[in-house]
Amino acid sequence: MPKHFFFDLDNTLTRSKSLILPEHAAILRTLISRADVVVVSGHPQKDIRAHLKDVAGYYVLAQNGNFAQTPIGEMMWENRLSSAQVEAIHSFIEKARKHLEYTVKDENDIVEDRGCQVGFSLIGHHLNQDIKDAFDPDHAKRKKLLEDLSDDVARLRSDANIDILIAGTTNLDIFEKGKNKGYNIGLFIKTLGWKKEDCIYLGDALFPGGNDETVIGIIPTKAVADYRETYSYLEKILLSS
């Protein structure tokens with residue numbers, strides 16, 4: 001059994017932007033009693049803790065790891081975007097929305113400025129989850145958008161030092177170049193003196209262009225199709241340990 005478990009949040013520990021199920025919370029609490037648990041997500045820290053209601057004792061690497069907290073809430077680091085970077089990101093999103101020509105339910109639910117990154121949902125962060133799940137299950141819409149605007153993506157990277165990765169069900173995570181999950185997990189285990197071979201990362205976006213892909217090669221990884229598969233795996237590993 002690994003000593004240190006790292007998890008994505010959306011569709012890995014919970015359904016996207018949803019509360020953890022009570023039966024899953026019980027499994028996660030058991031794991032926390034036996035090993036270190038780190039939640040690594042594009043979400044801000046307050047959302048991670050809200051979605052994992054009634055679960056405590058885990059490290060938080062929020063906003064792709066650019067905001068780090070200990071299990072008791074002590075700050076480890078925070079890498080905030082500059083105002084110029086945020087402005088460049090908003091300009092890109094404006095162009096992307098014009099390119100998509102989508103009619104959305106709530107114009108104020110498309111962009112989330114989280115401090116260390118910006119979350120851009122193509123149709124809305126808080127839409128009905130069934131609608132979100134059906135929107136881009138194979139990530140094709142978001143991949144095509146990034147391909148169509150490849151020059152703009154490259155310019156954002158070169159001029160504003162910004163990266164864009166596919167995340168969640170409808171989202172693009174936009175953050176400082178290189179400050180991805182893989183980078184921040186590497187920094188995290190170095191800071192705590194953990195060995196990579198004692199770790200494992202579970203995520204549903206380990207595919208090319210996904211925001212979990214950058215963890216590959218940093219620590220051992222396990223791809224899961226969804227949060228149900230996560231808990232099936234954890235039940236097996238806890239029974240065998």
Side-chain angles (χ1 to χ4, degrees), residues 1-73 112 114 117 119 121 125-126 129-130 132-133 137 139 165-171 173 180-182 184-185 188-189 199-207 210-216 218-239 241:
M1 177 172 165
K3 294 180 179 178
H4 318 296
F5 286 79
F6 292 74
F7 297 96
D8 174 44
L9 180 65
D10 281 354
N11 214 32
T12 299
L13 287 177
T14 69
R15 197 179 183 194
S16 182
K17 284 189 177 288
S18 302
L19 291 177
I20 190 170
L21 297 175
E23 60 269 29
H24 293 162
I27 295 169
L28 192 57
R29 284 194 295 268
T30 300
L31 180 67
I32 290 170
S33 73
R34 301 188 190 180
D36 295 307
V37 168
V38 187
V39 181
V40 192
S41 172
H43 281 291
Q45 62 284 357
K46 61 181 178 60
D47 288 356
I48 294 172
R49 298 199 185 279
H51 293 163
L52 298 180
K53 185 181 178 183
D54 300 327
V55 179
Y58 55 89
Y59 291 88
V60 166
L61 286 177
Q63 303 184 67
N64 281 282
N66 287 298
F67 182 102
Q69 277 184 333
T70 69
I72 60 172
E112 289 186 353
R114 299 172 180 171
Q117 75 171 48
S121 171
H125 289 280
H126 297 92
Q129 195 56 51
D130 289 332
K132 291 178 65 177
D133 287 345
H139 321 106
L165 290 175
I166 294 168
T169 51
T170 69
N171 203 56
D173 283 352
N180 50 48
K181 287 186 177 184
N184 285 308
I185 287 174
F188 181 86
I189 64 172
C199 303
I200 191 167
Y201 180 92
L202 280 74
D204 71 309
L206 285 158
F207 54 83
N211 73 342
D212 296 327
E213 181 195 15
T214 59
V215 183
I216 296 172
I218 305 298
I219 59 174
T221 59
K222 177 177 174 58
V224 293
D226 58 28
Y227 60 99
R228 300 176 191 88
E229 186 175 339
T230 297
Y231 292 102
S232 294
Y233 164 77
L234 290 179
E235 283 183 314
K236 291 175 184 176
I237 204 167
L238 286 169
L239 281 172
S241 64

Kindly indicate whether the side chain of [X], heavy atoms from C-beta on, has any atom under 4.5 Å from the side chain of [Y].
{"X": "Lys222", "Y": "Tyr233", "value": "yes"}
{"X": "Leu61", "Y": "Val39", "value": "no"}
{"X": "Ser16", "Y": "Gln129", "value": "yes"}
{"X": "Leu165", "Y": "Thr214", "value": "yes"}
{"X": "Thr169", "Y": "Asn11", "value": "no"}
{"X": "Asp8", "Y": "Val40", "value": "no"}
{"X": "Phe7", "Y": "Val38", "value": "no"}
{"X": "Phe5", "Y": "Ile237", "value": "yes"}

[X] [atom1] to [Y] [atom2] distance, which is reported to the nearest 0.5 Å:
{"X": "Leu19", "Y": "Leu52", "atom1": "CG", "atom2": "CG", "result": "9.0 Å"}
{"X": "Leu21", "Y": "Arg228", "atom1": "CG", "atom2": "CZ", "result": "9.0 Å"}
{"X": "Gln69", "Y": "Phe67", "atom1": "CD", "atom2": "CZ", "result": "4.0 Å"}
{"X": "Ser121", "Y": "Lys132", "atom1": "OG", "atom2": "NZ", "result": "5.5 Å"}
{"X": "Ile48", "Y": "Tyr58", "atom1": "CD1", "atom2": "OH", "result": "7.0 Å"}
{"X": "Tyr201", "Y": "Ile218", "atom1": "OH", "atom2": "CD1", "result": "12.0 Å"}

Original post:
With Arg49, which residues qualify under salt bridge (charged side-chain N to carboxylate O under 4.0 Å, His left out), at least two apart?
Top reply: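 Per chain and number, Arg49 pairs via salt bridge (charged side-chain N to carboxylate O under 4.0 Å, His left out) with no residue.
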**OP:** Name all residues meeting the side-chain hydrogen bond (donor to acceptor under 3.5 Å, both in side chains) criterion together with Asp173; count only those two or more places apart in sequence or in a different chain, and write none if there are none.
**Re:**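 Scan of Asp173 (side-chain hydrogen bond (donor to acceptor under 3.5 Å, both in side chains), adjacent residues dropped) gives Asn64, Gln117, Asn171, Asn211.
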**OP:** Assert yes or no for the condition that the ring centre distance of Tyr59 to Phe188 is strictly below 6.0 Å.
**Re:**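 Yes.
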Subject >> Whether Arg114 side chain and Gly42 backbone form a donor-acceptor pair below 3.5 Å >> reply: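 Looks like yes, one N/O pair under 3.5 Å.
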Subject >> Test item: Ser18 side-chain N/O and Thr14 main-chain N/O as donor-acceptor pair under 3.5 Å >> reply: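 Such a contact is absent between Ser18 side chain and Thr14 backbone.
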Original post:
If we ignore angles and hydrogens, is there a donor and acceptor under 3.5 Å between the side chains of Thr230 and Thr12?
Top reply: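 Result is no, nothing qualifies.
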Subject >> Asp212 and Lys181 ion-paired at < 4.0 Å >> reply: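 So Asp212 pairs with Lys181 through a salt bridge.
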**OP:** Identify which one of Lys17, Arg15, His43 satisfies the side-chain hydrogen bond (donor to acceptor under 3.5 Å, both in side chains) criterion when paired with Asp10.
**Re:**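 Checked Lys17, Arg15, His43 against Asp10; only one passes side-chain hydrogen bond (donor to acceptor under 3.5 Å, both in side chains): His43.
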Original post:
How far apart are the closest heavy atoms of Pro2 and Ile200, and which atoms are they?
Top reply: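 Result for this residue pair: CG-CG2, 3.7 Å.
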**OP:** Check Ala225 against Asp204 and note the closest heavy-atom contact, atom names and distance.
**Re:**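 Nearest pair, atom of Ala225 first, then Asp204: O-CB, 4.2 Å.
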Subject >> Which residues share a ring pair (Phe, Tyr, Trp, His ring centres under 6.0 Å) with His125, sequence neighbours left out >> reply: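 For His125, no residue satisfies ring pair (Phe, Tyr, Trp, His ring centres under 6.0 Å) once neighbours in sequence are set aside.
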Subject >> Intermediate values then yes/no, side chain to side chain contact (heavy atoms under 4.5 Å, CB included), Ile32 and Val55 >> reply: CA-CA 9 Å; Ile32 290 170; Val55 179; 3.6 Å; yes
Subject >> Intermediate values then yes/no, side chain to side chain contact (heavy atoms under 4.5 Å, CB included), Phe6 and Ile189 >> reply: CA-CA 11 Å; Phe6 292 74; Ile189 64 172; 3.7 Å; yes
Subject >> Audit row: Leu31, Glu235, side chain to side chain contact (heavy atoms under 4.5 Å, CB included) steps and yes/no >> reply: CA-CA 9 Å; Leu31 180 67; Glu235 283 183 314; over 6 Å; no
**OP:** Could you walk me through whether Leu28 and Leu13 pass the side chain to side chain contact (heavy atoms under 4.5 Å, CB included) test, one step at a time?
**Re:** CA-CA 9 Å; Leu28 192 57; Leu13 287 177; 4.3 Å; yes
